[in-house]
Amino acid sequence: MKRASLKQIVRLSAAIGLVGLAFFSQPAFATIRYQISLAHPEQHIFQVSMQVDARENDGDVTVALPAWDALYQIRDFSYRVRDVHATNLAPEATALRVQKLDKQTWQISLSASSVRTVNIAYSIEWNEPGPFSSQLNSHHAFLNLAQALMYVPDRRGEDTVVLFSGIPDGWRTIAALPAGSVPNSFTAASYDALVDAPVEAGKFDEFEFDSGGAHFRVVVDAHSYKKGTLENALKKITAYQLQLMGGPPFKEFTFIFHIGPYSEIGAGGGMEHMNSTAIATGSLDSAISVAAHEFFHVWNVKRIRPQSLEPVDFSKEQYTRALWFAEGVTSTYQYYTLERTGLWSRDTLLGDLAEQVCELEARQARRWQSAEESSMDAWFEKYDFYNRPDRSIWYYNKGQILGVVLDLEIRDATDNRKSLDDVFRLMNEKYARQGKFYDDSTGIRSAVEEVAGTSFQSFFEKYVSGTDAIAYDGFFGAGGLVLKIEKQDSADYGFWPSLTLNGMVVAAIESGSAAEAAGVKEGDVLVELNGEPFPRRFTTWLGGQSPGQNVNLRARREGEEKVFTFALGARSDQRCFITEVPRPTERQRRVRDGLLHGTTD
Ligand SMILES: [Zn+2]
């Protein structure tokens with residue numbers, strides 16, 4: 001490896017306006033080195049410089065920015081990139097020719113044979129809240145590194161280091177990566193490992209605890225929160241799942257929480273990473289619930305991983321049929337964990353499961369879109385149209401239900417001697433601990449069959465690759481549970497309100513509704529309803545009304561206020577309930593208790 005001399009470094013640093021002496025003068029083992037400046041948080045611009053040691057015979061160096069990361073959505077991060085330029089570091093800092101090859105790829109020609117280290121500099125603007133994006137503002141920085149750092153396509157496996165500079169006073173940095181040799185720097189054995197650890201920088205609260213043989217760090221960015229409640233819940237969640245899966249596959253794990261009005265702006269949720277997770281929610285309760293989901297991803301998807309997601313292709317869509325299992329069944333374990341640790345009651349668990357059934361049954365698309373197809377089509381979720389109930393089902397929703405019915409079916413087939421827990425333990429042994437990946441639904445099915453000792457061909461054909469109606473009565477019956485679906489008519493506005501930056505607006509109008517006949521239009525800003533401010537909890541408000549009732553609506557359109565009088569419409573809703581049969585057979589009781597307590601006989 002070749003190091004630049006100090007003199008050259010000074011010249012280069014001055015030339016590109018970066019201060020990174022300590023970084024560049026470190027004995028670098030990393031062949032690809034990044035520096036990210038946070039010097040101008042008010043501009044939301046990350047200044048990035050990337051040093052690549054050229055290899056013998058390299059005629060040029062190609063760099064690219066991922067088209068997607070975190071979410072299974074093409075988001076083309078490169079549209080945020082500006083001013084890409086390159087210099088060589090030796091023998092002297094001179095400009096190199098940069099040519100764009102496609103929307104996200106640049107080629108730097110090393111015409112001079114003496115070029116051994118290339119410095120690529122650019123800036124990228126990010127000010128989007130939440131775990132799936134990146135943000136730099138005067139409050140903090142949160143960075144999913146794949147959204148800002150370019151990679152060398154055929155050199156993703158090389159050692160790398162990232163240094164943060166220009167850090168505002170009083171800010172600290174944290175990421176689930178080994179610390180570099182200078183403060184605010186992190187190392188990783190590959191680009192993929194580097195970008196699988198989001199970075200938080202700011203004045204966050206931090207605490208640590210040990211659980212189940214591992215060490216945990218917790219970072220919280222919130223106005224106020226109950227630390228004791230969060231710590232207690234995280235201890236329960238991690239201890240349960242570590243015991244379930246036979247111990248930690250890591251030494252240390254980091255939770256990064258942002259608690260604030262994230263769900264109202266559509267930025268709430270959690271994102272799993274190899275040894276950390278980033279979670280943004282509106283309340284502590286939902287932060288805890290999401291943590292139970294994200295922590296189970298330590299196994300399901302991060303280590304018990306479908307072959308179709310490996311190796312990661314950052315340049316375009318990566319199709320997998322397994323998201324119903326990787327995401328949906330992770331939700332099954334999210335709620336199992338909450339209930340089995342006592343954070344939720346059994347009624348809450350059954351109530352949630354009933355809601356999931358109602359959600360699936362309300363989607364006409366369940367008749368023709370399978371759980372596998374829904375997994376493949378995840379890439380469409382950025383289009384609102386696709387998410388309509390007549391167009392798609394959701395692999396989280398159907399997958400969560402399939403997790404429970406698979407569990408019940410395995411328990412039924414083995415007289416409650418085996419369960420879905422055993423399937424995860426087997427897959428952990430067979431794939432995760434061997435560094436192998438499973439073959440999507442085929443791999444899942446063979447693990448289920450090995451545990452249950454019987455064929456699940458028909459189950460997978462009907463419910464995973466097929467679209468048969470789920471035979472709830474049979475599955476739930478094995479555990480002494482009964483599903484009841486009630487239909488009821490409730491009032492409806494005749495349009496869909498939605499909270500936007502302009503306030504509450506009419507997001508869509510239902511054609512043929514009384515509201516439409518009265519003149520209400522898409523985009524109208526909803527001001528008052530019956531003389532009161534338009535209810536923020538508009539669904540709750542409807543619950544107290546009857547179909548056909550007249551309402552007065554005041555709305556603003558192009559600066560003018562208008563009043564509309566019309567009758568509320570009617571909507572036929574389903575409500576689902578799952579109850580326990582009052583006098584279960586001995587076997588039903590064992591299966592039900594096994595599922596609720598996470599035990600077998
Ligand atoms: Zn998930």
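Just follow the structure's listing: the first ligand is 1, and inside any ligand the first atom is 1. Computed from heavy atoms alone, side chains included, the values below leave out hydrogens, waters and symmetry copies. This one's a predicted model, so the numbers in the text were calculated from it and none came from an experiment.
Salt-bridge annotation for D210 and K235: absent, with no side-chain N of the basic residue lying under 4.0 Å from a carboxylate O of the acidic one. A salt bridge does not link R172 with E200: every distance from a Lys NZ or Arg NE/NH1/NH2 to an Asp or Glu carboxylate oxygen is 4.0 Å or more. Using a 4.0 Å cut-off between charged side-chain N and carboxylate O, R391 and D384 make no salt bridge.
F255 has its ring centre no less than 6.0 Å from the ring centre of F207. Remark: aromatic rings of F216 and F295 are close, center separation under 6.0 Å.
Within the sub-2.8 Å shell of the Zn ion (ligand 1), the protein contributes these N/O/S atoms: H293 NE2, H297 NE2, E327 OE1.
Residues N397 and E359 have side chains that never bring a donor and an acceptor to within less than 3.5 angstrom of each other.
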